[in-house]
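Worksheet: the structure to be examined is printed underneath.
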Amino acid sequence: VIFMIGEYYEVSKDINFLENIYHTFIVPCSNFMTNFIDEQTGLPHASYDLWEEKFLTSTYTVCTVIAALEAAAKLALIIDQPADNVKWQNVADSIRSKLDTLYNQEDKFFVKGYLLQPDGTLQYDNTVDISNLYGPYMYGGLDLDDPRLKHTASAIESRITNVTPSGGVLRYEKDYYFLTKHQYLGNPWIVSTLWLAQYYTTTSQIDKAKKLLNWSLKRKSNSGILGEQFDPETGVSLGVTPLVWSHAEMVNTILDLSRHA
C-alpha cells in the first residue's frame with residue numbers, strides 16, 4: 001500500500017492527500033516495516049507469502065518491503081521530513097545489501113524464502129517460484145544485469161515455463177492448488193505467465209514477451225474474461241473466473257510492450 005501511494009503521488013502530485021495521510025498512515029506503516037527486522041539476518045521477520053500459503057521470510061515480501069521503504073523515503077522529502085527520509089532509506093539499503101541470504105549460490109537462483117529456526121539456523125524453501133524473480137526484478141531495485149536476476153530467470157525458464165502440454169508459466173514447482181493431473185508440477189497461471197513477459201519486455205526480449213502475451217490472450221473466454229489458471233493438458237479455465245489480477249497484469253503487460261511498438 002505504501003508503494004502504491006508513492007505511485008499515485010508520482011502521477012497525481014496530490015499534495016493534500018499526501019499531507020492528510022502522512023503522519024496517520026505512512027509514518028506508522030513505514031516505522032513498523034523498519035522495526036520488523038530480525039537482528040540475526042537483518043531481513044524482515046517471517047510472514048505469509050503472496051500466495052497466502054507459507055509462513056516464511058520470502059524473497060518476494062523482502063523486496064516489496066525495500067520498494068515500500070524507498071517510496072516512503074521519497075514521500076518524506078516531499079513533506080519536508082528529512083529524518084524520516086534518511087531512516088527509511090537506510091533500512092531499505094541495508095535489506096537490499098543482504099539479499100544474498102535469499103540466493104542459492106549452488107543452484108544459482110533466488111529461493112522462495114527461509115524460516116528462522118529456534119537454534120538460529122535457516123530452514124530454506126528452495127522451490128522455484130515466479131515470485132522469486134518478479135520480487136527482485138520489480139521491487140528489489142537490482143540492476144537488470146545482476147547475474148542473480150539472470151540466473152533466476154534461467155531457473156524459471158527451465159523448470160516452470162512450458163513444462164505442460166498447454167504451455168504457460170506455473171506459479172511454482174509442485175503447485176497442487178486446483179491440480180487434478182499430478183503427473184505435472186502445477187497448472188499454468190495468467191499472472192505468472194505475464195510476469196515473465198514483463199521481465200522479458202524490460203530486458204528487451206520482445207519476441208519472448210509477445211509469445212507469452214499471445215498465450216494469455218488465447219486463454220480468454222468468448223466474452224473476454226480471463227480466469228486464474230488452466231488445465232495443463234486441455235487449457236480449460238480453472239479456479240476463480242474472472243480474476244481481476246489476471247486482467248490487471250494483462251493491462252500492465254500490454255502497456256509495457258506498447259513502448260516497444
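Heavy atoms only: backbone and side chains are in, while hydrogens, waters and symmetry mates are out. All of these numbers come straight from a predicted model, not from anything done at the bench.
- Residues Pro242 and Leu226 form no side-chain contact, since every pair of their non-hydrogen atoms from C-beta on lies 4.5 Å or further apart.
- The number of heavy-atom neighbours closer than 6.0 Å to CG of Asn222, taken from other residues, nucleotides and ligands shown, is 12 or below.
- Atom NZ in Lys220 sits 10.5 Å away from atom NE2 in His247 (nearest 0.5 Å).
- In the hydrophobic clustering of this structure, Trp51 groups with Val240; members are Ile, Leu, Val, Met, Phe, Trp, Tyr whose side-chain heavy atoms approach within less than 4.5 Å, directly or through other members.
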Original post:
side-chain contact (heavy atoms from CB on, under 4.5 Å) between Leu43 and Val65: does it pass, once the steps are laid out?
Top reply: CA-CA 10 Å; Leu43 295 173; Val65 170; over 6 Å; no
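- Considering only heavy atoms from C-beta on, Thr201 stays 4.5 Å or farther from Leu213 through its side chain.
- Here the shortest heavy-atom pairing between Phe109 and His151 reads CB-O, 4.5 Å.
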Original post:
Yes or no on side chain to side chain donor-acceptor pair (under 3.5 Å) for Ser154 and Lys150, after CA distance, side-chain angles and deciding distance?
Top reply: CA-CA 6 Å; Ser154 295; Lys150 291 183 175 181; over 6 Å; no
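- Hydrophobic clustering places Tyr22 together with Phe32 (ILVMFWY residues linked when any side-chain heavy atoms are closer than 4.5 Å, directly or through intermediates).
- Side-chain heavy atoms closer than 4.5 Å link hydrophobic residues (I, L, V, M, F, W, Y) into clusters, and following such links, possibly through other members, connects Leu18 to Trp88.
- Residues Tyr114 and Leu102 share a closest heavy-atom pair of CD2-CD2, 3.6 Å.
- Here the side chains of Asp175 and Leu170 are not in contact, with every heavy-atom distance at 4.5 Å or above.
- Between the side chain of Asp14 and the backbone N or O of Tyr9 there is no donor-acceptor pair closer than 3.5 Å.
- For the residue pair Asp93 / Gln89, a side-chain donor-acceptor distance below 3.5 Å is found, with atom types taken as modelled.
- In the hydrophobic clustering of ILVMFWY residues, with side-chain heavy atoms under 4.5 Å counting as a link, Ile190 and Ile225 come out apart.
- Residues Pro188 and Val169 have side chains not in contact (no heavy-atom distance under 4.5 Å, counting atoms from C-beta outward).
- Closest approach of Tyr139 and Ala67 over heavy atoms only: O-CB, 3.6 Å.
- Looking at Asp125, its side chain never comes within 3.5 Å of a backbone N or O of Lys112 through a donor-acceptor pair.
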**OP:** Could you walk me through whether Gln81 and Lys87 pass side-chain contact (heavy atoms from CB on, under 4.5 Å), step by step?
**Re:** CA-CA 10 Å; Gln81 298 291 327; Lys87 176 173 62 175; over 6 Å; no
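- Ion pairing between Asp207 and Lys210 fails under the 4.0 Å rule for side-chain N and carboxylate O.
- When the options Tyr177, Tyr172, Tyr48 are evaluated for a side chain to side chain donor-acceptor pair (under 3.5 Å) with Glu53, the one that passes is Tyr172.
- Within 6.0 Å of the NZ atom in Lys181, the count of heavy atoms belonging to other residues, nucleotides or ligands exceeds 12.
- Of all the heavy atoms in Pro232 and Asn187, the pair that sits closest is CD-OD1, 3.0 Å.
- Counting only distance, with no hydrogens or angles, the side chain of Thr61 and the backbone of Thr57 share no donor-acceptor pair below 3.5 Å.
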**OP:** Check the pair Ile15 / Ile78 against side-chain contact (heavy atoms from CB on, under 4.5 Å), numbers first and verdict last.
**Re:** CA-CA 8 Å; Ile15 189 66; Ile78 295 166; 3.6 Å; yes
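- At least one donor-acceptor pair closer than 3.5 Å links the side chain of Gln117 to the backbone N or O of Leu115.
- Minimum interatomic distance between Ile156 and Thr161 (heavy atoms only, all atoms of both residues): O-OG1, 2.9 Å.
- Within a 6.0 Å sphere centred on NZ of Lys13, other residues, nucleotides and ligands contribute more than 12 heavy atoms.
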Sequence neighbours left out, cut at 3.5 Å: what donor-acceptor pairs do the side chains of residues 130-138 make with other protein atoms?
| unit_1 | atom_1 | unit_2 | atom_2 | d |
| --- | --- | --- | --- | --- |
| Ser131 | OG | Asp129 | OD1 | 2.8 |
| Asn132 | ND2 | Phe110 | O | 2.9 |
| Asn132 | ND2 | Thr127 | O | 2.9 |
| Tyr134 | OH | Gln198 | OE1 | 2.8 |
| Tyr137 | OH | Gln198 | O | 3.0 |
| Tyr137 | OH | Thr202 | OG1 | 2.5 |

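- Aromatic ring orientation, Trp195 versus Tyr60: parallel (interplanar angle below 30°, classes split at 30° and 60°).
- Contact check for Asp38 versus Pro44: no side-chain heavy atoms found under the 4.5 Å cut-off.
- Using a 4.5 Å cut-off on side-chain heavy atoms (C-beta onward), Cys63 and Leu142 make no contact.
- When hydrophobic clusters are built by joining Ile, Leu, Val, Met, Phe, Trp and Tyr residues whose side-chain heavy atoms come closer than 4.5 Å, directly or via intermediates, Leu179 is not grouped with Val163.
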Original post:
Under the side-chain contact (heavy atoms from CB on, under 4.5 Å) criterion, do Arg171 and Val191 qualify, and how do the steps go?
Top reply: CA-CA 8 Å; Arg171 285 194 303 175; Val191 169; over 6 Å; no
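- Summarising the geometry of Gly186 relative to Thr164, their closest heavy-atom pair is O-CG2, 3.8 Å, with the distance given to 0.1 Å.
- Although no hydrogens or angles enter the test, the distance criterion places no donor-acceptor pair under 3.5 Å between the side chain of Glu70 and the main chain of Ala92.
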